[in-house]
Amino acid sequence: MKHFARFLDKLDKTKDIDGKSVLHNSMIVYGCGNADGNRHTHTNLPVVLAGAGGGTINPGRYAKFNAQPMSNLFLSMNDRLGVKGLERIGDSSGRLKGV
């Protein structure tokens, strides 16, 4: 986590071409695909979404999404990137509201 925090700090201190920080213009997912390594469960995943996605994400808060596939997050991120016509990714079941 120290390395991840240092990475985010560097992104925050680096200005992008629009004058905002690279972190502001980024969406970085950090986490794990298994909540419990012994049982290989895929629920309650420990995931951090860092950055503001160019202002499309409200950062600095905790959000809990019960029983949602991780691919729903990726689908929502693609929407923020401006990807059109993408209905599904893997086992996605819809977009995450409130990301």
Side-chain angles (χ1 to χ4, degrees):
M1 290 305 302
K2 285 195 267 183
H3 292 291
F4 184 59
R6 188 173 18 199
F7 172 64
L8 294 179
D9 187 53
K10 285 182 181 183
L11 292 179
D12 193 36
K13 290 178 179 174
T14 303
K15 296 300 174 197
D16 209 342
I17 195 163
D18 63 357
K20 296 186 171 131
S21 75
V22 173
L23 181 61
H24 174 82
N25 290 333
S26 299
M27 292 183 288
I28 302 161
V29 177
Y30 181 80
C32 183
N34 288 322
D36 182 334
N38 291 323
R39 292 185 277 160
H40 294 253
T41 57
H42 298 91
T43 57
N44 198 22
L45 297 176
V47 175
V48 173
L49 175 59
T56 64
I57 295 173
N58 182 16
R61 59 196 172 89
Y62 172 82
K64 185 172 182 176
F65 299 97
N66 294 321
Q68 297 288 319
M70 182 75 165
S71 53
N72 285 1
L73 172 62
F74 299 143
L75 193 58
S76 298
M77 290 171 68
N78 273 279
D79 289 346
R80 284 157 177 78
L81 289 170
V83 176
K84 303 288 185 207
L86 187 60
E87 298 300 319
R88 296 188 59 153
I89 296 176
D91 65 345
S92 64
S93 59
R95 275 115 173 120
L96 289 180
K97 304 292 184 216
V99 171

- Applying the 4.5 Å side-chain criterion to the ILVMFWY set and letting contacts propagate, would Y30 and F65 be lumped into a single cluster? no
- Side-chain contact test, heavy atoms from C-beta onward, threshold under 4.5 Å: evaluate it for V48 versus F4 and give yes or no. yes
- Item | Shortest non-hydrogen contact from S71 toward D91 | OG-OD1, 2.6 Å
- Indicate if M1 and L45 have the same hydrophobic cluster label, given that clusters are the connected sets of ILVMFWY residues with side-chain heavy-atom separations under 4.5 angstrom. no
- Item | Inter-residue atom distance R88.CZ - S93.OG, 0.5 Å rounding | 8.0 Å
- Query: Are V83 and L49 in one and the same hydrophobic cluster, where Ile, Leu, Val, Met, Phe, Trp and Tyr link if side-chain heavy atoms are under 4.5 Å apart?
  - Reply: yes
- Are any of the side-chain heavy atoms of V99 and M77 separated by less than 4.5 Å? no
- Message: So if I apply the side chain to side chain contact (heavy atoms under 4.5 Å, CB included) rule between K20 and each of D16, D18, I17, which one comes out positive?
- Response: D18
- So, does S76 use its side chain to make a donor-acceptor pair with the main chain of L96 at under 3.5 Å? yes
- Query: Honestly curious: do L8 and M27 fall in one hydrophobic cluster under the side-chain, below-4.5 Å linking rule?
  - Reply: no
- Query: Are the side chains of I28 and F7 in touch, meaning some heavy atoms are under 4.5 Å apart?
  - Reply: yes
- Rounded distance [0.5 Å steps], CZ in F74 versus CD1 in I89: 8.0 Å
- Task: State, to 0.1 Å, how close S21 and D12 come at their nearest heavy-atom pair, and which atoms those are.
- Result: CB-O, 3.2 Å
- Say whether V29 and L86 are linked into one hydrophobic cluster, either directly or through other cluster members, by side-chain heavy-atom distances under 4.5 angstrom. yes
- Query: When rounded to the nearest 0.5 angstrom, what distance separates CZ in R6 from CG in L11?
  - Reply: 13.0 Å
- Approximate separation, where rounding is to 0.5 Å, of N78 CG and K84 NZ: 11.5 Å
- Query: Is the number of heavy atoms from other residues, nucleotides or ligands within 6.0 Å of CZ (R39) greater than 12?
  - Reply: no
- Rounded to the nearest 0.5 Å, the CD atom of Q68 sits from the CG atom of N66 at a distance of 8.0 Å
- Task: Starting at CG of L75, measure out to CD of E87 and round the result to the nearest 0.5 Å.
- Result: 8.0 Å
